[in-house]
Chemist: 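Attaching a single structure in structure tokens format; questions to follow.
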Number of protein chains: 2
Amino acid sequence: MTRTQKVGSPPTTELILREAARLFSSKGFHGTSTREIADAVGIRQPSLFHHFPSKHAIAEALFQYDYDRSPGLQLRPELPDATPPVRLFQITRREVLVELTSAYDLRGLYLSALMDDPEFAHWRATYEQSLSAAGDLIREGIKTGDFVDKDPTMAVEILDALVNQAVRWAPRHRDLSLPDEAAEMALRLVIKRPSRIPAIRREADRLLVAAGTPWPEEIALATQTR
Amino acid sequence: MTRTQKVGSPPTTELILREAARLFSSKGFHGTSTREIADAVGIRQPSLFHHFPSKHAIAEALFQYDYDRSPGLQLRPELPDATPPVRLFQITRREVLVELTSAYDLRGLYLSALMDDPEFAHWRATYEQSLSAAGDLIREGIKTGDFVDKDPTMAVEILDALVNQAVRWAPRHRDLSLPDEAAEMALRLVIKRPSRIPAIRREADRLLVAAGTPWPEEIALATQTR
DNA sequence: CCAGCAGCCTATCAATCGATAGGCTGAGCA
DNA sequence: TGCTCAGCCTATCGATTGATAGGCTGCTGG
């Protein structure tokens with residue numbers, strides 16, 4: 001960065017990601033022009049291409065940002081040795097927290113069919129793998145008798161929709177209780193005995209402390225690009 | 001219709017709606033060009049404008065089609081005198097059935113932020129009213145002690161996501177058991193005693209028969225435009 | 001039988017799209 | 001001091017967009 005940068009103002013690349021994400025979520029990727037993004041940032045449209053080689057690359061960076069922060073997408077679920085209900089609870093509240101604390105408004109990536117574009121097929125595949133892993137978890141819970149014996153595919157798709165909905169909340173709520181509440185509802189979808197939910201939550205908290213990665217007491221907003 | 005029409009082939013206006021809906025759902029409204037629609041139908045691009053005055057009008061017709069078939073969007077919920085759990089069950093399975101038996105693939109209308117476009121603000125308002133009514137139903141159920149006392153807004157948004165998910169199922173499943181299963185899951189989200197669900201379902205069936213509008217035994221696919 | 005017109009066509013429009021070429025400027029460094 | 005180059009600019013590209021103008025054809029109702 002050689003050009004003078006206004007004190008306290010984020011670097012331009014960061015601003016581009018922020019404004020592009022906001023516009024993608026309100027008008028969609030295809031409905032947003034590079035000129036609109038540039039206007040929102042306060043630069044001219046061709047200047048965008050000094051920071052990203054193409055419009056697709058901007059969305060790509062946002063996908064990557066989300067991936068880097070999401071254990072679920074990385075297929076590295078937390079508490080792999082816990083019981084299915086505890087794992088489902090933890091996975092759900094983690095994914096909701098990730099979306100809730102995102103530095104960017106990622107709704108545009110997941111609320112449209114953007115992942116179905118051939119250019120983003122890689123992210124679609126990653127996403128499907130993550131859903132498939134969730135399906136395995138549900139099936140395991142049915143086997144152990146913790147979950148009701150309903151179609152696991154439908155359950156997964158509703159859980160997916162629940163987390164996607166959390167992406168919509170992100171700009172509105174900044175409340176740390178939200179991930180826990182959303183995860184409780186997710187659990188209620190499939191669990192046989194809802195009365196156990198408080199114990200499951202305590203167990204998740206306990207295991208996280210034991211693992212040296214306690215669940216955050218207060219919310220911390222992410223800011224860095226990667 | 002004066003021009004010769006191939007026997008057994010739907011009228012062109014119908015074909016346009018069908019193909020446009022399919023393309024909107026896979027590439028988004030803004031990501032679909034009128035030439036793509038015309039190619040899929042088998043006519044030239046300007047010929048589209050003899051059936052619809054604009055590209056927006058095609059999406060408008062699809063919104064209207066969905067509205068006309070959805071009691072929820074019309075704010076005319078079924079079984080208004082039943083208990084909150086029975087009404088929630090019935091509303092959910094009805095909306096899922098409506099999406100499941102739609103003649104068109106309506107995912108493109110609701111899975112993107114299309115309703116946020118100023119041209120479709122009217123549908124956004126209608127949609128929000130329908131969600132608001134669902135919130136009132138949840139609150140009533142909390143008051144009667146049937147539902148758990150959790151944030152009704154979050155519950156409604158998850159129910160909304162669940163029905164939207166059903167829109168995604170539409171092209172895949174054509175199984176009449178699906179609406180009932182989806183509605184059971186919706187009920188599990190908020191109900192205090194899940195063991196009551198079978199009785200709630202029987203009660204809904206009974207009330208529908210009493211009202212002279214029994215729940216369909218087998219699926220009937222909609223075809224007419226309006 | 002023929003006038004009207006629905007339905008489709010070709011040709012073409014202005015606007016907008018994402019992207020490129022090349023020039024200016026000023027901070028950082030030798 | 002003077003070279004380098006990141007960062008932004010203006011000007012402009014070809015492609016594609018949604019939409020219009022106007023002509024041809026053949027069914028249909030009077």
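Naming: A, B, ... by sequence-line order, numbering from 1 per chain.
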Chemist: Quickly work out the A/Asp39 CG to C/dC17 C1' distance and round it to whole Å.
Modeler: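 So the two atoms are 14 Å apart, to the nearest Å.
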Chemist: Among B/Tyr127, B/Phe63, B/Trp123, which residue satisfies the side-chain contact (heavy atoms from CB on, under 4.5 Å) criterion with B/Leu73?
Modeler: B/Tyr127
Chemist: Work out how much the helix from C/dC1-D/dG30 to C/dA30-D/dT1 bends between its end axes, five pairs an end, to the nearest 10 degrees.
Modeler: 10°
Chemist: Run the salt bridge (Lys or Arg N to Asp or Glu O under 4.0 Å) test against A/Asp180 and tell me which residues pass, sequence neighbours left out.
Modeler: A/Arg93, A/Arg201
Chemist: Figure out the CD1/C1' separation between B/Ile43 and C/dG7, and round it to whole Å.
Modeler: 9 Å
Chemist: Which salt bridge (charged side-chain N to carboxylate O under 4.0 Å, His left out) pairs, counting each pair once, include a residue from residues 71-80 of chain B, with sequence neighbours left out?
Modeler: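 Qualifying pairs, neighbours excluded: B/Glu78-B/Arg94.
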Chemist: Rounded to the nearest Å, what distance is computed from the CD1 atom of residue A/Ile37 to the C1' atom of nucleotide C/dA19?
Modeler: 13 Å
Chemist: Is the side chain of A/Gln129 donor-acceptor paired with the backbone N or O of A/Leu75 at a distance under 3.5 Å, no angle test?
Modeler: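 Checked: no pair found.
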Chemist: What integer distance in Å separates B/Phe52:CZ from D/dA19:P?
Modeler: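 In whole Å, D/dA19 P and B/Phe52 CZ are 13 Å from each other.
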Chemist: Between the protein and nucleotides 10-14 of chain D, which nitrogen or oxygen pairs come in under 3.5 angstrom?
Modeler:
{"from": "D/dT10", "atom 1": "OP2", "to": "A/Arg44", "atom 2": "NE", "distance (Å)": "3.2"}

Chemist: What is the distance from CG of B/Leu48 to P of D/dT20, rounded to the nearest Å?
Modeler: 13 Å
Chemist: Mind checking salt bridge (Lys or Arg N to Asp or Glu O under 4.0 Å) for A/Glu119 and listing every partner two or more places apart, or none if nothing turns up?
Modeler: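 None.
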Chemist: Would one find a side-chain N or O of B/Thr34 under 4.0 angstrom from OP1 or OP2 of D/dG18?
Modeler: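 Result: yes.
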Chemist: So, using salt bridge (Lys or Arg N to Asp or Glu O under 4.0 Å) as the criterion, who are the partners of B/Arg139 when residues are at least two apart?
Modeler: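 With neighbours one apart ignored, the set is B/Asp136.
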Chemist: Which residues satisfy the side chain to side chain contact (heavy atoms under 4.5 Å, CB included) test with B/Asp39, sequence neighbours excluded?
Modeler: none
Chemist: Rounded to whole Å, please give me the gap between NE2 in A/His50 and C1' in D/dC5.
Modeler: 11 Å
Chemist: Sequence neighbours left out, what passes side-chain hydrogen bond (donor to acceptor under 3.5 Å, both in side chains) with B/Glu140? Give chain and number order.
Modeler: B/Arg87
Chemist: How long is the line joining NE2 of A/His51 and C1' of D/dC9, in whole Å?
Modeler: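 Answer to the nearest Å: 12 Å.
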Chemist: Under the side-chain hydrogen bond (donor to acceptor under 3.5 Å, both in side chains) rule, collect the residues that match up with A/Arg35, sequence neighbours excluded.
Modeler: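 Partners of A/Arg35 by the side-chain hydrogen bond (donor to acceptor under 3.5 Å, both in side chains) criterion come out as none, since no residue qualifies.
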Chemist: When you check the phosphate oxygens OP1 and OP2 of D/dC8, does a side-chain N or O of A/Thr12 lie under 4.0 Å from one of them?
Modeler: yes
Chemist: Which residue lies toward the 5' end of DNA chain C, A/Pro53 or A/Glu36, if each is placed at its nearest nucleotide?
Modeler: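 Per heavy-atom nearest nucleotide, the more 5' residue is A/Glu36.
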Chemist: Under the salt bridge (Lys or Arg N to Asp or Glu O under 4.0 Å) rule, collect the residues that match up with B/Glu36, sequence neighbours excluded.
Modeler: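 Only B/Lys27 meet the salt bridge (Lys or Arg N to Asp or Glu O under 4.0 Å) criterion with B/Glu36.
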Chemist: Quick check on contacts: within residues 25-33 of chain A, what sits under 4.0 Å from DNA chain C by heavy-atom distance?
Modeler: A/Thr32, A/Ser33
Chemist: Grab the CD-P distance between B/Glu60 and D/dG18 for me, whole Å please.
Modeler: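 The answer, rounded to whole Å, is 17 Å.
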Chemist: With sequence neighbours left out, what residues match A/Ala134 under side chain to side chain contact (heavy atoms under 4.5 Å, CB included)?
Modeler: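 A/Val156.
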